[in-house]
Every structure is written in structure tokens, then in C-alpha cells.
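Worksheet for the structure shown next.
Chain letters run A, B, ... following the sequence lines, proteins first and then strands; every chain starts at 1.
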2 protein chains.
Amino acid sequence: MATIRDVSKLAGVSTTTVSRYLNQNSYVGKKTSEKIQNAIDELNYSPSAVARSLSTSSSNLIGLLFPNLSNPYFPQLIDGIEGELKRRGYTVLLGRLDNKDEFPSYLRTFENNNIAGIISSAGIIPAQKVSVPIVEVDRISQNSKYFVTTNDFLGGSLIGDNVARTVGTTNIAIIKGPNTSRKSIDRFEGLCSVLLKYPALKITEIASNTFDIKLVDSVIKQIFDLDPFPDTIIAQNDLYAIVILQELLKRGIKVPEQTQVIGYDGINFLDLIYPRIATVEQPIYELGSETANLMVQIIENSNLKETQIQLDVKFSAGATLRPTRKEIYH
Amino acid sequence: MATIRDVSKLAGVSTTTVSRYLNQNSYVGKKTSEKIQNAIDELNYSPSAVARSLSTSSSNLIGLLFPNLSNPYFPQLIDGIEGELKRRGYTVLLGRLDNKDEFPSYLRTFENNNIAGIISSAGIIPAQKVSVPIVEVDRISQNSKYFVTTNDFLGGSLIGDNVARTVGTTNIAIIKGPNTSRKSIDRFEGLCSVLLKYPALKITEIASNTFDIKLVDSVIKQIFDLDPFPDTIIAQNDLYAIVILQELLKRGIKVPEQTQVIGYDGINFLDLIYPRIATVEQPIYELGSETANLMVQIIENSNLKETQIQLDVKFSAGATLRPTRKEIYH
DNA sequence: GAACGATATGTAATCGGTTAAAAAGGCTAT
DNA sequence: ATAGCCTTTTTAACCGATTACATATCGTTC
């Protein structure tokens, strides 16, 4: 590989001048510029990111932390993040946290590589000092300075609106996410803000202490042990909704006639499932690209417009929801 | 961040000695070692990967190239790759190829970062000179030197075996992968090696020129235009199988009584789908970890046992397959 | 007690960039 | 003609590691 010194020799100038030409941050004469560009072309030169990183104590590397990929939500999110970062000239260093204890190890690796920032959707980042900016997405920890999220209260209330109006709805089971999660709480509150207007509704909460899909079995069991069986199941996310739907079909329970199901997230996998599951669509790709965008703005020190971004969600009708009855409260 | 100079000063030795202590590659006295370790602990020192990389022209970074994450097969594969690499002390640089034109750009970025090797499941890697070892997994390009794959001929024949023996099987539709893919060809040949023993079977090939799930609609259309409608559909992968299954259910076609369906891959998503789809299970995680393993062996120059690894697959029965009839050919 | 090998440590160059400081040439205004 | 400013370029130090080469000490062996 050619070095800046090779280029400077071939162009007959000093390395300083070449460096200035490359970084466009100081005066370089027109003829000199041409000579340098010719040398670069001839040698197929490309500056070493490593040397640059050592010299400037910064880089174009972004550390990406996420919990696991078993929920297709994350691959979609990563698509958005990586896509935007690539476009902006940054490269992603991968960090998959099987459990939170791995954080210090990744942090050390990241810092040793002079990363410019960390994007995390892994939830709680220990309060310990991290030397670079952290942007969180989806799973936000408390006291987070920079984050991108969606309007979960809105999402919850959209579900409430749409569910409460369907015919034959009297007995609702809600799978509630972990109480430690701001998102879960907001969704639940959004949901309740609507449902409490309908005092005749029976509501059963089923706690799911984690987002981990592996623990779905115990949740399923709790639901199907309910007596009387609910006519409406509000799942914590699409993955739960899919499992519940399949289980209902297996047991011969008619969907949505006997029981209607609604998910959350809008993962692209829903396209493959019949019947189409009603859900709240998050703009997953945009969530990722906005996160990347915010990260780059922080790094490049543009005047930051917002440091905390909230995107809207929208309701996506589906075949797992009963038709709306005549509105009587309105 | 503390540097090796800080450590050497605190320990009262030269940086050379500290470096030797860290890399365990030369004599360091016992007492000196203790002093150095104490200094390291006190300063919470960790060597700069960047400086090391510049100095040695190598790193612990591995570039990972893959096509996209829309098929859950890839997230699982990446789990395996990243998991093993992390255990071995390597870090992954992400490269998502939306299209093949992006390869040179990623290659350049990777090389500028002194990566130690590239793992690719993105298919055709241009023949151009790449300065580091490339290990391919799943989608192998021609003339590949290092790769990890599964026994596709075996997989195809397993499907043949299991399908041919089911009751009422006379009319089989096969979704065939791209002819440019060694894997697709092998699977098809494995399948045919069995099916041709049953001359009474009617076989229809449906070409799918790509693995891209987005183009699934045209394939679906071709299938459902078939007349007479097949009693057996052999999908190219599980994702296709899921879509086809849902479409069959939507149209009220009984599965497996009227038409049986079989997939390929064994993605963990099948766990969520009812009825359980019969498939050929690839050891996806192991495929990833073996790939990482091979990569590390190449880099660390151990005596390589194998440079091309083929893992076995196994048949996974499911509820989308009809029962076996009495074997009459055997 | 001289020669030798093993052990132990240090000096200084190097990897490939960036950048502060200095210097030199050209232009304009007085 | 001189000062002052803008433009252009170079010299040389530096980022934080590694490593070839030099040097010193020690214990063995003949």
C-alpha cells in the first residue's frame, strides 16, 4: 500500500502539503493540487485510517451495542443505522451483548480503537464514565442525554382506541413489558388512558419481565390458563403476537371472532404471516437512520437542533381485529 | 487514557520492557513483571489497539460482509460468527452490501483499518487482489480458497427421501434457486438423485433467480397458477415455505392433506409458526462459529487442518408433511 | 579466569499520518 | 522602499505502540 510519503515524493512536495490537500484545511496551490491528485491516482493511494486515528485520537468508527438479533426488529434497526452511517463515511464496530456484564469489555475494546461514539440499543449502560458520546435508540436508559425513540404513549393509546371500539370486546388481556422500561410504562399508560374511559371492560395484566422472546412459553401458558378466556389479547410486540396467533389457531380458537390479537412494532415479518396481524407500526428503519444522523451531528459538532428525538407511530389495521361497532360514547 | 510511557515511568523501566511484558515474547524479570503489573493496575492501562495496529500492520479487526438481514438466517449466522470471534479476542467491522458495487468501497475501508481478514457471506467477491485472507460462508464464490458450507447434496436428497415416500405424492413443484449458485445446484441434484428413482412423479421446476425474499410475489404467483395444482411444494428456503404455507391457508387449501410443504434452513423462526414446517436443518450457529474459527486459525497461522469445511444437515420432520406410505421400492 | 549462552533491560528508529511554527514569495498600501 | 498581509510550502515534533540492535549481568563449563 502506498503511503503519504510515496505520494509526496512523486508529487515533489512535502507530506504536510499532501495532508493539507487531502483534508482541504489549508492553502494548497492549484498546480500543486493537480500534481498531488495525479500522484494519488497513479499510486492508487488511500490514507491509512489507523495512522490518522493515532495522530488525531479520533476515527470514523462507531461502536454499535445491541442485545441480540433474535427479534427481527433489531436487524431492521441495524439496517437503518449502518445504512446511514455508511453514507456519512462511518464504519460500524459490532458489539453483541449476551448479557450486561460484557459491557466493560466492549467499552474497552471500543476505546482502544479510538471510536468516535457509541450507539446502543442494549438498554442500561452503566453510569461509569465513557469518554465518547452515546446515542441510545429504542431501549433508553435513565439519564440518557442523547436518544431516539418513538412515542410509546401514542402507540398505547392508538391500540386502546382501536380495540375498545371493536364489537364484542369485554375482556382484554394485556401483556405488559418490564416495569423497568420507560417504553413499557408509557405504552401501558397510553393504553390505560383510553381503556379507563370504558369502565365496563375487564382488563387482565400479564407481566412479562423481559423482552426476551425465549421466555415466551411461560407468558403463553399464563394467557391460555385464563378463565374466562379473553376476547382480546394485546401483545407486547409482534413476535409475541405471532406466537399467540399460532397458538390460537392450533387450539381452534377463531381469530378474530372469538379472540382478537394485536401486536406492536411493525416488523417486516408480519408480511409473511396470515392472517395479517394488526399492530402499531414503528418507523424502524428511520429510527435507525435518525439515530445515526444524530450521532454524526454530535461528532461533527454541528449546531445540534435536538438531542432527544421522538418519532411518531401509526396504527396498522389487520385481519386479527374485529370490526368496529357503532360508536356510542361519541 | 494512560499510555505505555506512563506505565513505564511509574514502574521505573523502559517502554520496551513493558511492551515485552504485555506481549510475553521476551525475557522479563520476575520483580520487574510485578512492578509493571502494579503500574498497569494503578493506571487502569490498556494498550491502544490503534498504535499497535500502526506499528505491526495488523489488528484484531475482522471485516464482515453480508447481503442484508431480511432473512433471519443471517442474524443467526452473525450471532455465531461474532460470538466466536469475541471469544477469541477479535472485533467485527460491519459491511452490509446492498449491492455488489459496494464491495470496493468496503474493501478500501477495511484495508485502511488494517483488518486481519474478511468473512463474507455476500456471494461473489470480485477476483481483484485482496491483501488479507477471505473466508466465505454459506454463499461461496468460485475458486474460493477458504470456506465453510453445508452438505447441500445431502440436504436435497434428504428432502427427496422424505417427500417421495409420503402418501398421495404424484405432483411436485420445486422452487429452484439461482443456477449461478453452487448451493442451489447441489441441492437440486441431491433432490433429483432421489426423485428420479420414482419415474411416476411429475416434477415442475419453478425458477427463482435470486435469494431475495422481496421477489417472492412472482414466485408465489407462478405456483398458484399451476394446473393441476401440486400436492407437494419444495421451497427454496424456510422463508419461502412460510409465505407459501400462509398463502395455502388463506386459500383454504388443506396442509398437508391437499398439498404438503417443505422448507430449508431451519431458521429459529419456524418455532413460531403453526403448523410446524418440515425442513432441512442447517447448524446455522455452528456454521458461523466454525467460520470464525477457521478465520482465526488462518490469521494465527496454526497448522491448518482443513481449509474447506462442510457441515452436515439433518432432516426435521414437521406437520406440513403427509405420513409415509408403505415403502414399495425397497 | 576466559569464553559462552541464557537472562534481562535499554536506546532509538519506525509505522503513516497530522500540525504548530517558521519561512519565503507576492501583492497592496503608504 | 518598507511594512504588512495573504498565500504557499517546509521542517520537525508528535500520536502510542513494536522491535532490531546494543549492552549488561549472571552462571556454567573447560
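Residue B:Asn143 qualifies as open at atom CG: its count of foreign heavy atoms under 6.0 Å is 12 or below.
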| query | Reading nucleotides 19-25 of chain C 5' to 3', which nucleotides get B (base under 4.0 Å from a protein heavy atom), which S (sugar-phosphate only), which -? | reply | BBB----

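The closest donor-acceptor contact from the side chain of A:Asn114 to the backbone of A:Ser59 lies at 3.5 Å or more, if one exists at all. Side chain of B:Gln76 to main chain of B:Asn268: a donor-acceptor pair is present (N/O by atom type, distance under 3.5 Å, no hydrogens or angles).
None of B:Leu77, B:Ile309, B:Ile81, B:Thr149 except one satisfies the side chain to side chain contact (heavy atoms under 4.5 Å, CB included) rule with B:Leu287; the exception is B:Leu77. Here the rule is side chain to side chain contact (heavy atoms under 4.5 Å, CB included) with B:Asn25, and of B:Val28, B:Asn23, B:Leu22 only B:Asn23 fits it.
B:Val132 and B:Ala116 make their closest contact through CB-O, 3.9 Å (heavy atoms, listed as atom of the first residue, atom of the second, distance). The shortest heavy-atom contact between A:Pro178 and A:Ser184 is O-CB, 3.2 Å.
Using modelled atom types and a 3.5 Å distance limit, the side chains of A:Arg108 and A:Asn113 yield no donor-acceptor pair. Between the side chains of A:Gln282 and A:Thr150, at least one donor N or O sits under 3.5 Å from an acceptor N or O.
A sub-4.0 Å separation between OP1 or OP2 of C:dG16 and a side-chain N or O of A:Arg5 is absent.
Between B:Tyr21 atom OH and C:dT7 atom C1' there is a gap of 18 Å when expressed in whole angstrom units. In this structure, B:Asn113 atom CG and C:dC15 atom C1' are separated by 15 Å, rounded to whole Å. Look at CZ on B:Arg52: it is 18 Å from P on C:dG16, rounded to the nearest Å. If you measure from atom CG of B:Asn114 to atom P of C:dT14, you get 19 Å, rounded to the nearest angstrom.
Residue pairs satisfying the salt bridge (Lys or Arg N to Asp or Glu O under 4.0 Å) criterion with at least one member in residues 10-23 of chain A, sequence neighbours excluded, are absent. Residues in residues 59-86 of chain B take part in these salt bridge (Lys or Arg N to Asp or Glu O under 4.0 Å) pairs, two or more places apart or across chains: A:Arg96-B:Asp79, A:Arg96-B:Glu82, A:Asp98-B:Lys86, A:Glu102-B:Lys86, B:Glu82-B:Lys86, B:Glu84-B:Arg87, B:Glu84-B:Arg88.
Between B:Lys145 and B:Thr307, every side-chain heavy-atom pair lies at or beyond the 4.5 Å cut-off.
Within the 4.0 angstrom heavy-atom criterion, base atoms lie near B:Ser14.
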| So A:Leu85 and A:Ile119, side-chain contact (heavy atoms from CB on, under 4.5 Å) or not? Walk me through it. | CA-CA 11 Å; A:Leu85 285 181; A:Ile119 290 178; 4.2 Å; yes

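Comparing A:Tyr45 and B:Val13 against DNA chain C, the residue whose closest nucleotide sits nearer the 5' end is B:Val13. Each of A:Val18 and B:Ser57 was assigned the nucleotide of DNA chain C with the nearest heavy atom; the assignment lying further toward the 5' end belongs to B:Ser57.
Each end of the helix from C:dG1-D:dC30 to C:dT30-D:dA1 yields a helix axis from five base pairs, and these two axes differ in direction by 50° (to the nearest 10 degrees).
Note that the first and last nucleotides of DNA chain D, 5' to 3', having any atom under 4.0 angstrom from a heavy atom of chain B are D:dG16 to D:dC21.
Sorted by residue number, the members of residues 26-36 of chain A with any non-hydrogen atom under 4.0 Å from DNA chain D read A:Tyr27, A:Val28, A:Gly29, A:Thr32.
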